[in-house]
Each structure stands twice: as structure tokens, then as C-alpha cells.
Amino acid sequence: MRGAADKLVERAQTAKDVESTGMQAAEPPGGRRIDDATPVVSSAAPPGVTHLPRLPPLGDIVDAAQRGASPAEITALLKGLEGPYGKFRVEGVTLQRGLAGISRDSDGNAWITVRMRVHNADGAVVGSVERRFGRDAQGRLVVVHQYTSLVPAARRQGFATAFNRATEAYYRASGVDRILVNAEKDGGLVWAKAGFGWDTDGYSMIESGHNISDRAERLIRHGNLTDAEIANLREVQYLLSQPPETWPTPAELASRTADGRPIGETLMRDSVWAGMKKL
């Protein structure tokens, strides 16, 4: 008996074949038609997911890759990520070029690296997004936020909020265990405010503490700060020198103020740290 992953790949291949030939497929049960204008790849979205109705559960997509589905087939399954997010649209979903598009870790688990373009209301490309999907050694679904890159004019316009809200709801409905992120530049503050905690992998967490402490030291030496702000950052350095289980969260660091100024936001913006959000 064929598994769900095989059926998903078959649906994806049907959509791909129809698109390449320009022919209309027979109308399936329920009245939905697969044709070159509507590349429906699955009607099996997780319960409760309304913004991304054409995406099958993420676990089924990852399992299809594990069973040997081709990059073209996996790309077709992920096309449901395309669409509007606030004032922007995501288009051009594709796997990373080369073998890294579908790779395997040391345990033999398949990992999918997907990229997509961000367009503004005029259709111009204003950024790109990359995500990785896979299972850990215990079989739990994991999402890695590789990056979200936008041109300056497109930043702080709501794209990241809309995109992450929609995809996180999809991840939850798909049974994803956690999301991992490597925060840097503006993301150092963005992911802290989004509720990401520390990646509790021992090495990652310790290195994150060192990076933020070093960032604090650079601000103390070159940041033109008040005495109160310097004292605040010295306290942060002390807190991060204690056992990791006692550390303030990234969000707590970002919320720190001194002399009425947001020294915590200054600290976390441009900081580099490894984050995790359990779902």
C-alpha cells in the first residue's frame, strides 16, 4: 500500500506534467481542476490552516524527500508558499541549486533548503527568503530560518510579520517541534522581540552569550553612552557570565532601558546569537 508521501509526489508530478504540456487535467472529485493556471498540488493542508491552503503537511513533504522524491517534485509541493503576505507577494519558490537543495545529515535524514523571492506591489523584487525543513535524530520536525533579506525601502513594512505569522501557524498545524534561527544584523532584535529563546544546544548557547557580551563591550567603548547605559550593559555582561539556565531571555535583554533610552534594543540590534522557538 502506498504511503502519503508517494501520493503527494504523484500529485506534484501530475501538476508538473500538466504545466509542461499545457493540457488540462481531468476534473478530480470535488470539482477542482488541475491546469496550467492553477497548479494545485494537494488538498491536504493541515486542519486550521487557511492562509496556505495548497500546502500539504510539512512532515509529508519532508518524508517525500526522505523516500527519494526529486527536487522538481518537492518544489511543486512547496509552491503553496507563494502568494500575498501583507503588501508583498512571495513568488519563485525553488530549491537551492545543486545537491544542497535536498541534502542528508549524518543520521541519513533528508533536509530541504527552499528559497523564494519577495515582490512589492509594483512587482519589483525587493528581497528573498530561505528556509530549511527536516527531521532531527529523534524524528521530530525542525524548521531553520536561514535568512530573510529585504532592501532598505521594503523593511519595517510588515512583510516579515505577515510571512512568519502565516508560516508559523502552518508549522504548528504540521506538528513542527521547533524553529531555529541564526540571528544577526536587524534580526538580532527582530527575533528577540518575536519571542525566540536561546538555542539550548550547549555550544550554541555559550557562543551566543559570548557574542552578546562582546557586543556590549564594543558599545561601552565606542557607543557614546551615558553612565547609566554603561552600568546597564555591565550588568548584562555579568548576567551572561553566570550559568546559562539563569540567563535573561533575548526578549528581556531587548526590553532593557536606561535614562529613558532603549539600550536593550541597541544591544540586540546587530548582535549575533542562536535562537530557538518551541511550538
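For the single chain, residues carry numbers from 1 onward in sequence order. Both backbone and side-chain heavy atoms feed into the values below; hydrogens, waters and symmetry mates do not.
- With no hydrogens or angles considered, a side-chain donor-acceptor pair links Arg131 and Thr148 at under 3.5 Å.
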Report the C-alpha distance between Tyr238 and Gln242 in whole Å, list the side-chain angles of each, state the deciding distance to 0.1 Å, and finish with yes or no for side chain to side chain contact (heavy atoms under 4.5 Å, CB included). CA-CA 7 Å; Tyr238 169 76; Gln242 301 304 298; 3.3 Å; yes
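- Side-chain contact between Thr266 and Leu225 is absent, with no heavy atoms from C-beta onward closer than 4.5 Å.
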CA sep, side-chain torsions, deciding dist, call: Glu245, Trp198, side chain to side chain contact (heavy atoms under 4.5 Å, CB included): CA-CA 10 Å; Glu245 60 270 19; Trp198 306 109; over 6 Å; no
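- Between the Tyr147 side chain and the Asn182 main chain, no donor and acceptor come within less than 3.5 Å of each other.
- Ring planes of His145 and Phe196: tilted class, angle from 30 to 60°.
- Under a 3.5 Å cut-off, the side chain of Arg155 and the backbone N or O of Leu150 do form a donor-acceptor pair.
- Atom CG of Leu58 sits about 5.5 Å away from atom OG of Ser174, to the nearest 0.5 Å.
- Side-chain contact check for Val90 versus Val129: every heavy-atom pair is 4.5 Å or farther apart.
- Between the Thr161 side chain and the Gly158 main chain, no donor and acceptor come within less than 3.5 Å of each other.
- Counting heavy atoms from C-beta outward, Asp214 and Arg218 have side chains that approach closer than 4.5 Å.
- Counting only heavy atoms from C-beta outward, the side chains of Asp136 and Asn109 never approach each other to under 4.5 Å.
- Few gaps surround CZ on Arg104; more than 12 heavy atoms of other groups in view lie less than 6.0 Å from it.
- Contact detail for Ile179 and Tyr171: the closest heavy-atom pair is CD1-CD1, 3.7 Å.
- With respect to the salt-bridge test (charged N to carboxylate O, under 4.0 angstrom), the residues Glu252 and Arg256 do not qualify.
- Nearest approach of Met268 to Ala192, heavy atoms of both residues: CE-CB, 4.2 Å.
- Counting non-hydrogen atoms of neighbouring residues, nucleotides and ligands closer than 6.0 angstrom, the CG atom of Asp107 exceeds 12 such neighbours.
- At least one donor-acceptor pair closer than 3.5 Å links the side chain of Glu82 to the backbone N or O of Val93.
- Of the charged side-chain nitrogens involved, none lies within less than 4.0 Å of a carboxylate oxygen, so that Glu229 and Arg234 do not count as a salt-bridged pair.
- In this structure, the side chain of Gln66 engages the main chain of Ala110 through a donor-acceptor pair within 3.5 Å.
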